[in-house]
Amino acid sequence: MHYHHLYASADGESHWRKVEVPLEERTFAPPAKAIFVSEAEAAKTTVFLRLDPGWNEPIHPTPKRQTLFCLGGAVRVTASDGEARVIGKGDVWRMEDTHGKGHHTAVISDEPFEAALVQFD
């Protein structure tokens, strides 16, 4: 299991990296059998969003440290260093480029891009 991590380096440039999520087998919901789960991370809020086809925004940093779970549609997200990734249904995107140049996002699917975001601060 992995997520797409977008972060800003000290010079303000945004970059992508793939982060593998470590899972450990343990009891999670007794009396159910043990399952593979990650470490817990405290969250503050949850937000749902929809971006219509053709939506295209100017480059900006993310307003909060957050994780996006794509529920439908697709966007192309370009880091300020020029590397682009397509985020589509089932993808997980961790946004931590809260300073610096930021990223550009454009809906590339014919259907709306729908997502749930978990915000951390």
Side-chain angles (χ1 to χ4, degrees):
M1 187 175 300
H2 74 274
Y3 61 84
H4 302 279
H5 185 211
L6 184 63
Y7 67 98
S9 54
D11 64 359
E13 204 71 58
S14 293
H15 308 279
W16 285 106
R17 69 177 159 209
K18 180 179 173 181
V19 175
E20 295 294 329
V21 178
L23 302 176
E24 182 180 311
E25 189 173 18
R26 61 179 177 229
T27 302
F28 181 71
K33 291 182 184 179
I35 60 174
F36 288 91
V37 295
S38 69
E39 288 295 321
E41 185 173 3
K44 187 173 181 180
T45 57
T46 302
V47 176
F48 293 88
L49 66 79
R50 181 180 66 230
L51 306 175
D52 290 330
W55 189 86
N56 190 339
E57 67 176 38
I59 193 167
H60 71 285
T62 187
K64 296 180 184 272
R65 196 171 69 84
Q66 55 194 342
T67 298
L68 179 145
F69 300 87
C70 180
L71 305 173
V75 291
R76 179 179 301 108
V77 182
T78 306
S80 65
D81 69 3
E83 183 180 350
R85 296 207 180 174
V86 172
I87 305 296
K89 188 174 183 177
D91 284 333
V92 179
W93 168 21
R94 171 68 60 96
M95 289 175 256
E96 292 187 337
D97 61 331
T98 56
H99 68 279
K101 298 176 184 176
H103 59 276
H104 173 260
T105 305
V107 176
I108 59 171
S109 56
D110 292 332
E111 67 270 5
F113 177 78
E114 298 179 329
L117 289 104
V118 175
Q119 298 179 325
F120 300 102
D121 22 56

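In this text, all values refer to a predicted model and were calculated from it rather than measured experimentally.
- Atom OG1 of Thr27 and atom NZ of Lys33 lie 12.0 Å apart (nearest 0.5 Å).
- Using a 4.5 Å cut-off between side-chain heavy atoms of Ile, Leu, Val, Met, Phe, Trp and Tyr, with links allowed through other members, Leu71 and Val47 fall into different hydrophobic clusters.
- Rounding to the nearest 0.5 Å places NZ of Lys18 at 13.0 Å from OH of Tyr3.
- Residues Ile87 and Leu68 are in side-chain contact: their nearest non-hydrogen atoms beyond the backbone lie under 4.5 Å apart.
- His4 places a side-chain heavy atom less than 4.5 Å from the side chain of Trp16.
- Summarising the geometry, atom CD1 belonging to Ile108 is positioned 11.5 Å from atom CG belonging to Asn56; distances are rounded to the nearest 0.5 Å.
- Both tests hold for Arg17 against Tyr7: distance to the six-membered ring centre under 6.0 Å, angle to the ring axis within 45°.
- The ring pair (Phe, Tyr, Trp, His ring centres under 6.0 Å) test applied to His99 returns no partner, not counting sequence neighbours.
- Judged by distance alone, the side chain of Thr78 and the main-chain N or O of Gly82 form no donor-acceptor pair under 3.5 Å.
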Intermediate values then yes/no, salt bridge (charged side-chain N to carboxylate O under 4.0 Å, His left out), Glu41 and Arg94: CA-CA 13 Å; Glu41 185 173 3; Arg94 171 68 60 96; 2.9 Å; yes
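- Between Trp93 and His103, the ring-plane angle classifies as perpendicular under the 30° and 60° cut-offs.
- Smallest separation of non-hydrogen atoms from Ala42 and Phe120: O-CD2, 3.2 Å.
- Although no hydrogens or angles enter the test, the distance criterion places a donor-acceptor pair under 3.5 Å between the side chain of Ser80 and the main chain of Ser14.
- Between Asp91 and Lys89 there is no salt bridge, since no side-chain N of the basic residue sits under 4.0 Å from a carboxylate O of the acidic one.
- No donor-acceptor distance shorter than 3.5 angstrom exists from the side chain of Ser109 to the backbone of Gly73, with no hydrogens or angles considered.
- Of the N and O atoms on the side chains of Glu96 and His5, at least one donor lies less than 3.5 Å from an acceptor on the other residue.
- Annotation: the span from Thr62 atom OG1 to Asp97 atom CG amounts to 6.0 Å, rounded to 0.5 Å.
- Taking 4.0 Å as the cut-off between side-chain N and carboxylate O, Arg50 and Glu111 do not count as a salt-bridged pair.
- Linking ILVMFWY side-chain heavy atoms closer than 4.5 Å, directly or via other members, places Leu49 and Val107 in a single hydrophobic cluster.
- Closest of all the heavy-atom pairs between Arg26 and Val37 is NE-CG2, 3.1 Å.
- For the atom pair Lys64 NZ and Lys44 NZ, the distance stands at 5.5 Å (nearest 0.5 Å).
- Side-chain atoms of Pro53 and Asp110, non-hydrogen and from C-beta on, never get closer than 4.5 Å to each other.
- Around the CZ atom of Arg76, the shell of radius 6.0 Å holds no more than 12 heavy atoms that belong to other residues, nucleotides or ligands.
- By the rule that hydrophobic residues join a cluster once side-chain heavy atoms approach within less than 4.5 Å of another member, Val19 and Val77 end up as members of separate clusters.
- Across all non-hydrogen atoms, the minimal contact from Thr98 to Arg65 is CG2-N, 3.9 Å.
- Summarising the geometry of Ser38 relative to Val21, their closest heavy-atom pair is CB-CG1, 3.6 Å, with the distance given to 0.1 Å.
- Cluster membership check: Val92 shares its hydrophobic cluster with Met1, using side-chain heavy-atom separations under 4.5 Å among Ile, Leu, Val, Met, Phe, Trp and Tyr.
- Note that CD of Glu57 is 4.0 Å distant from OG1 of Thr105, once rounded to the nearest 0.5 Å.
- A 4.5 Å side-chain heavy-atom check between His104 and Pro58 finds every atom pair outside the cut-off.
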Take Phe48 and Leu117, measure what side chain to side chain contact (heavy atoms under 4.5 Å, CB included) needs, and give me the verdict at the end. CA-CA 6 Å; Phe48 293 88; Leu117 289 104; over 6 Å; no
